[in-house]
There are 2 protein chains.
Amino acid sequence: MAEAVPGAPAGSKSEQAYALIKARIVEGTYSPGHRLVLARIAGDLGVSVVPIREAIRRLEAEGLVTFERNIGATVAGIDPTEYLYTMQTLSIIEGAATALSSPLLGAADIARARGVNEQLRACLKDFDPVRFTRLNQEFHSVLFEHCPNPHILDLVHRGWNRLASLRSSTFRFVPGRATESVDEHEALLRLIESQADADAIEKAARLHRSATLDAYLAQSSAADSS
Amino acid sequence: MAEAVPGAPAGSKSEQAYALIKARIVEGTYSPGHRLVLARIAGDLGVSVVPIREAIRRLEAEGLVTFERNIGATVAGIDPTEYLYTMQTLSIIEGAATALSSPLLGAADIARARGVNEQLRACLKDFDPVRFTRLNQEFHSVLFEHCPNPHILDLVHRGWNRLASLRSSTFRFVPGRATESVDEHEALLRLIESQADADAIEKAARLHRSATLDAYLAQSSAADSS
DNA sequence: CTCCTAAACTTCGTATACGATTTCGTACAT
DNA sequence: ATGTACGAAATCGTATACGAAGTTTAGGAG
């Protein structure tokens, strides 16, 4: 039971590579279109190419990278319509996850979500997009983390990852939506508190995200014509 | 531009292995719980273990197999609750796919779907579960194949694959549902023809699958208590 | 100056070999 | 008879090496 190096992360090298590359894509170190050369990454991590190949294949199956024979791997998501499709998919999945999770939310969860939302509201002045995004994710995480269906939960997390990887390059926030967003959060919380039926909660959660998408598209088209 | 072997399938060996293992899982050659030994599969296909590892990793990311360090890979889905979760997820995704696709369906598509449904109706006597399942899949494929969002389409197909892999071991059909199912198909077609709003179509498509799930659960619990 | 051709370079693809870890069977002691 | 310890077999994990395919670039002909 000898540990190799005390400070080293656990798991096989292929898993370490998978986690690291994924993190770099999500956090934006590797932007969409970035070319992932196997030998180069292997050299950076001090391992062989075989574990890197495995990691890339897994990321490919998750939709974070594209991989072509004899061409190489690139971080996916250059196409701007990708953003639309990802947001649309996430709105559907997240809406369902929230609806399935809502009956299992206790008063403590509601209170916690409301607390996060108040931090969001306080964040409206001295607006910090990064902080706002993080708090927003935390708010929604509280809402759907009790979802009993692991597949749906997994899809939500994949959607968030994919969204983060896309936004890292095209990071144009919509400040005008922020205020509305916080209000919609409060409305959603009240809907859950009142134990509204699942359809209503699902629809509200889905529309909340769709509205963000619409605002983004409106801003994009405005930016294009300017 | 020399082809290796004329009869050989295209693509790298890792892709061939991926497609073959996936096909075997979906068609039931490898049942849930079946242990996938890397060296054994490599020997069967006449290749080394490296491409097999890649294939297994991709299938793991798709949820078809589980892979543990120093333990090995097994076909996923032993747990009966897996069936419930998969069906629930698929009902959500498929409902959304059908709703997004329906505005784009032409008269020819409707006619084709109706033709398939009539074959399903004719199939009700001399009931053949395999044929019924195949026709049922074809019917729904017509309905959601025009879905413009590739992510959602991909998730539907993954759901179908996963469902097939689960059913291959637990193949207990619900004959009582078959007649209702055909009628619901017709109702769904009329809803699409009348250009009902997307919400109504989505709800109908989702409920259609949920009803099948409920019937399955009822049958299962009845079988358990007998 | 442009277009075509070929060679060199880059990068992926996989076989082989060896090390690490787990599991299973067997023998021994209690 | 049962529990434990030890060893052998099976299996995964990865480094290395070589081969195949694609891309780029240099050179020459028109």
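By convention in this document, chain letters (A, B, ...) are assigned in the order of the sequence lines, proteins followed by strands, and residues within each chain are numbered from 1. Treat the numbers as computed from the prediction; the structure is a model and nothing was measured.
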Between atom [atom1] of [X] and atom [atom2] of [Y], what is the distance when rounded to the nearest 0.5 Å?
X: A:Ile152; Y: A:Leu100; atom1: CD1; atom2: CG; answer: 5.0 Å
X: B:Ile192; Y: B:Ile110; atom1: CD1; atom2: CD1; answer: 5.0 Å
X: B:Thr98; Y: B:Ile201; atom1: OG1; atom2: CD1; answer: 9.0 Å

Are there any protein N/O atoms within less than 3.5 Å of an N/O atom in nucleotides 6-10 of chain D, and if so, which ones and at what distance?
none

For a quick check under 3.5 Å, do B:Thr89 and B:Arg162 share a side-chain donor-acceptor pair by atom type?
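There is no such pair (donor and acceptor under 3.5 Å, judged by atom type) between the side chains of B:Thr89 and B:Arg162.
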Under 4.0 Å between a Lys/Arg side-chain N and an Asp/Glu carboxylate O for B:Lys22 and B:Glu62?
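Yes.
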A:Glu138: partners by side-chain hydrogen bond (donor to acceptor under 3.5 Å, both in side chains), with sequence neighbours left out:
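A:Glu138: no side-chain hydrogen bond (donor to acceptor under 3.5 Å, both in side chains) contacts found.
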B/S/- contact track for nucleotides 11-16 of chain C, protein heavy atom under 4.0 Å
SBSBBB
Closest heavy-atom pair and its distance - B:Ser101, B:Cys147
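Minimum heavy-atom contact is OG-N, 3.4 Å.
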